[in-house]
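Written out below as structure tokens is the structure these notes cover.
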Amino acid sequence: MYVPKAFQTNDRAELVAFMRAHSFATLVSADPGGLLATHLPVVIEDDGETIRISGHVARQNPHVAAFDGQTPTLVIFTGAHGYVPASVYESADSVPTWNYIAVHATGVAGAVSLTDQRPAVDTAMHGMVETYDPAYHSQYAALSEHYREGMLRGIVVFSLVVTRLEGTAKLSQNKNPDDRLAVEAHLLAQADPAARATGASMRERRESV
């Protein structure tokens, strides 16, 4: 990911928190036929040494072939974003741009299925439910065995160990203080909730300094 120095985000805790807050991610891998992309919810674990991203896809998804423990895989996390018109800047010699935050996590993924590692599949399902809908645990446990086993046979669980973590927060840090305040105010005033959230991120960073 191209990240100008002004926008680099290197704080591990901040990057992991962003990933968890925006965990409907895009998984990208390459195969002999080209690039594969899958949009899916993931679970992020960080024990202080290793960051692990896990999730599952349909068994028929060709992405399964990339979960071989060797193929590089990129997981993209994106949050709110907002258009910044040139008119908000003091100088007429300005161009429009876009503010946003994103995190890229790279690693290799391995796969497990119901037929080879049942405990790992059960653990992954528990983690997914606990992350997204803890109240569903009791209903999941009450599913008929026939239905639950059929659903589990239809998926492949993957686990990716992150070997490279990159973050960018493009929030007008390369502008003067007056321009940054003007951009923040402009975004906060928009009807688009994504633009307002971007302005809120600018405000939070400014107030935390």
Side-chain angles (χ1 to χ4, degrees), residues 1 12-13 15-81 100-168 194:
M1 176 168 56
R12 178 190 177 115
L15 295 174
V16 170
F18 182 88
M19 293 159 64
R20 286 173 171 157
H22 303 88
S23 56
F24 189 80
T26 303
L27 201 70
V28 181
S29 303
D31 74 355
L35 294 175
L36 299 169
T38 298
H39 307 275
L40 75 174
V42 295
V43 175
I44 297 96
E45 299 174 280
D46 181 11
D47 63 7
E49 294 185 1
T50 301
I51 299 173
R52 188 180 300 273
I53 299 172
S54 61
H56 62 273
V57 300
R59 182 176 293 277
Q60 295 81 6
N61 189 327
H63 218 135
V64 171
F67 303 150
D68 58 4
Q70 299 179 11
T71 300
T73 294
L74 170 67
V75 190
I76 301 172
F77 301 84
T78 57
H81 53 85
Y100 63 93
I101 302 175
V103 173
H104 286 190
T106 303
V108 294
V112 296
S113 65
L114 192 66
T115 56
D116 55 14
Q117 294 188 46
R118 174 57 187 265
V121 172
D122 287 339
T123 297
M125 291 301 99
H126 175 82
M128 186 67 69
V129 173
E130 186 64 27
T131 298
Y132 291 102
D133 190 6
Y136 180 64
H137 274 303
S138 58
Q139 184 177 343
Y140 180 77
L143 293 174
S144 70
E145 183 176 354
H146 173 76
Y147 179 80
R148 183 171 54 247
E149 296 302 299
M151 295 297 290
L152 292 177
R153 280 194 294 271
I155 66 171
V156 171
V157 171
F158 69 87
S159 178
L160 179 147
V161 174
V162 176
T163 56
R164 184 172 63 193
L165 192 62
E166 303 169 289
T168 180

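Residue indices begin at 1 and follow the sequence shown. Quick note: numbers below take in every heavy atom, side chains included, and nothing from hydrogens, waters or symmetry partners.
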Looking at [atom1] of [X] and [atom2] of [Y], how far apart are the two atoms once the value is rounded to the nearest 0.5 Å?
X      : Y      : atom1 : atom2 : result
Glu45  : Arg20  : CD    : CZ    : 8.5 Å
Arg148 : Leu143 : CZ    : CG    : 6.0 Å
Ile53  : Leu27  : CD1   : CG    : 8.5 Å
Met1   : Leu74  : CE    : CG    : 8.5 Å
Ile101 : His81  : CD1   : NE2   : 11.5 Å
Phe77  : Met19  : CZ    : CE    : 4.0 Å

Evaluate the salt bridge (Lys or Arg N to Asp or Glu O under 4.0 Å) criterion for residues Arg12 and Asp46: first the C-alpha distance (whole Å), next the side-chain angles of each, then the deciding distance (0.1 Å), finally the verdict. CA-CA 10 Å; Arg12 178 190 177 115; Asp46 181 11; 2.6 Å; yes
Which heavy atom in [X] sits nearest to a heavy atom in [Y], and how many Å separate them?
X      : Y      : value
Val42  : Phe158 : CG1-CZ, 4.1 Å
Ala80  : Ala194 : CB-O, 3.4 Å
Thr73  : Ala66  : OG1-O, 4.5 Å
Phe24  : Pro41  : CD1-N, 3.6 Å
Gly167 : Leu15  : CA-CD2, 3.7 Å
Gly127 : Val43  : O-CG2, 3.9 Å

Quick check: do [X] and [Y] have side-chain heavy atoms less than 4.5 Å from each other?
X      : Y      : value
Ser23  : Ile44  : yes
Val157 : His56  : yes
Asp31  : Thr71  : no
Leu152 : Glu149 : yes
His137 : His126 : yes

Should the ring pair His63 and Phe67 be called parallel, tilted or perpendicular, given that the plane angle runs from 0 to 90° and is split at 30 and 60? parallel
Would Leu165 and Val103 count as a side chain to side chain contact (heavy atoms under 4.5 Å, CB included) here? Give the steps. CA-CA 7 Å; Leu165 192 62; Val103 173; 3.8 Å; yes
If you count heavy atoms of other groups shown closer than 6.0 angstrom to CZ of Phe18, is the number above 12? yes
Just do the side chain to side chain contact (heavy atoms under 4.5 Å, CB included) check on Val156 and Arg59 with the steps written out, would you? CA-CA 5 Å; Val156 171; Arg59 182 176 293 277; 4.1 Å; yes
